[in-house]
Amino acid sequence: MSRFPTVRQRRLRRTPALRRAFAETRLHPAALVLPVFVKQGLQGHTPIASMPGVAQHGVDSVVALARTAVEAGLGGMILFGIPTTKDAEGTGGWDPQGPVPAAIRAIRAEVGDELVVWADVCQCEYTDHGHCGPLDAAGRVINDLAVEGYVRDAVAYADAGADLVAPSGMMDGQVAAIRGGLDAAGHEQVGIVAYAAKFASAFYGPFRDAAESTMRDGDRAGHQMDPANAREARRELDLDAAEGADALMVKPALPYLDVVAAARAGADLPVAAYHVSGEYAMIKAAAANGWLDGERAMAEAVLSVLRAGADQVLTYAALELAAPAEER
Ligand code: PBG
């Protein structure tokens, strides 16, 4: 390699136009998926204190947001439901009149197929104890019963018109079971984005306020992954690919960029990464204190997830990143 002064790395960084032309990674709206909270029976929307700029939405408000998402060219929207009543099994998850099926039908009526609609599949928003499925006497989630619920959830969301279902419960065998259930119900065209490597993370804190899914007691360390483990993450990714996932997700994003890169290197399936509530809230809080430039920090964070190898980033900042600053 020839050296300085022949080689000058600064040449291609000299002007904004040069930098734009030689950028290796781009923040394109189609690579961004907006997570949305739909609350049964709500009129309008209610802001979430720990996530500035994010709200719980009633069905009408979700429909308006879907229209905005289409206009912004987003890659999609992923829906989370907040039911009016909860029980020990989380039966509200598969209620065809529940918040998520109602929202999906209303979105389809408004925007047709113009928006990719994902539905998160988990029981934690629907159980009165806040865990991801029914519990045994020791308070542990019963894997196979939880999976039966996820299959019913997935079919209900597919019936309502979801393009993609995204099982986030980290139960063993959930992807294969959902694939079988969808196919048996005639939904062989509905895809599965597997939350394959989902870690037991402190960064989900604000989400649990937003989704009203705080656990009565205990934690999720018995099924979500240990933050220390990257080899095990590769195994999870391989297993979900083998079970028939159409795309693989890593979650959270920034603390696990090594896992995002490993997912990209180890599989030819599309890779999604979830820039979660705590990652978003940290930047918003620091920006509100004047400690950093929130807009630039958010763009840099999400760009880094794409650079690590994600094809899609789920982020609460999707709309603000999609709209050029001068249009905001
Ligand atoms: C479970 C689920 C969670 C998140 C997405 N799906 C919470 C959890 O596992 O406790 C977290 C997302 C975020 O923090 O933004 N249904």
Side-chain angles (χ1 to χ4, degrees), residues 32-39 48-56 76-83 86 90 92-94 98-100 118-127 129-135 141 146-147 149-150 153-154 157 162 164-171 174-175 178 192-227 236 249-256 272-285 298 301-302 305 312-318:
L32 307 177
V33 177
L34 180 68
V36 175
F37 302 100
V38 198
K39 185 163 177 164
I48 299 158
S50 53
M51 299 175 71
V54 181
Q56 297 175 331
M77 229 159 88
I78 178 166
L79 301 177
F80 295 90
I82 304 152
K86 305 191 183 206
W94 55 80
V100 168
W118 309 28
D120 183 87
V121 172
C122 189
Q123 297 297 97
C124 63
E125 297 112 65
Y126 301 94
T127 54
H129 43 69
H131 286 282
C132 305
L135 302 178
V141 180
V147 170
Y150 299 167
D153 294 339
Y157 307 154
L164 301 169
V165 294
S168 63
M170 287 299 281
M171 295 297 130
Q174 63 185 12
V175 172
I178 289 172
I192 302 175
V193 183
Y195 285 73
K198 175 173 174 179
F199 291 84
S201 174
F203 291 101
Y204 305 149
F207 173 94
R208 292 177 190 165
D209 296 339
E212 301 179 19
S213 63
T214 302
M215 288 161 283
R216 213 157 50 195
D217 48 35
D219 59 36
R220 306 211 204 290
H223 49 99
Q224 296 181 350
M225 287 190 56
D226 184 333
E236 286 282 5
M249 198 197 301
V250 176
K251 177 185 174 187
L254 284 190
Y256 300 93
Y274 199 143
H275 183 241
V276 302
S277 57
E279 300 180 71
Y280 173 88
M282 283 195 298
I283 292 174
K284 289 290 180 185
M298 196 68 82
V302 173
V305 183
Q312 301 240 292
V313 182
L314 289 74
T315 173
Y316 301 95

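Both counts, for ligands and for their atoms, begin at 1 and track the order of listing. Bear in mind the structure is a predicted one, so any value in this text is a computation, not a measurement.
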Audit row: Glu212, Lys39, salt bridge (Lys or Arg N to Asp or Glu O under 4.0 Å) steps and yes/no
CA-CA 10 Å; Glu212 301 179 19; Lys39 185 163 177 164; 2.8 Å; yes
Under the side chain to side chain contact (heavy atoms under 4.5 Å, CB included) test against Met77, which residue among Leu314, Val33, Leu34 passes?
Leu34
Name the residues with a heavy atom less than 4.0 Å from ligand 1?
Phe80, Asp120, Cys122, Cys124, Glu125, Ser168, Lys198, Phe203, Tyr204, Phe207, Arg208, Arg220, Gln224, Lys251, Tyr274, Val276, Ser277, Tyr316
Checking the side chain of Gln56 only, and the main-chain atoms of Ala210 only, is there a donor and an acceptor separated by less than 3.5 Å?
yes
Indicate yes or no for a side-chain donor-acceptor contact from Glu279 to the backbone of Pro252 under 3.5 Å, with no hydrogens or angles considered.
no
Go through the steps for Asp120 and Tyr195 under the test side-chain hydrogen bond (donor to acceptor under 3.5 Å, both in side chains), then give the verdict.
CA-CA 9 Å; Asp120 183 87; Tyr195 285 73; 2.6 Å; yes
Indicate every side-chain donor-acceptor pair of residues 214-221 with a distance under 3.5 Å to a residue at least two apart or in another chain.
| residue | atom | partner | partner atom | Å |
| --- | --- | --- | --- | --- |
| Asp219 | OD1 | Ala221 | N | 3.0 |
| Arg220 | NH1 | Gly130 | O | 3.0 |

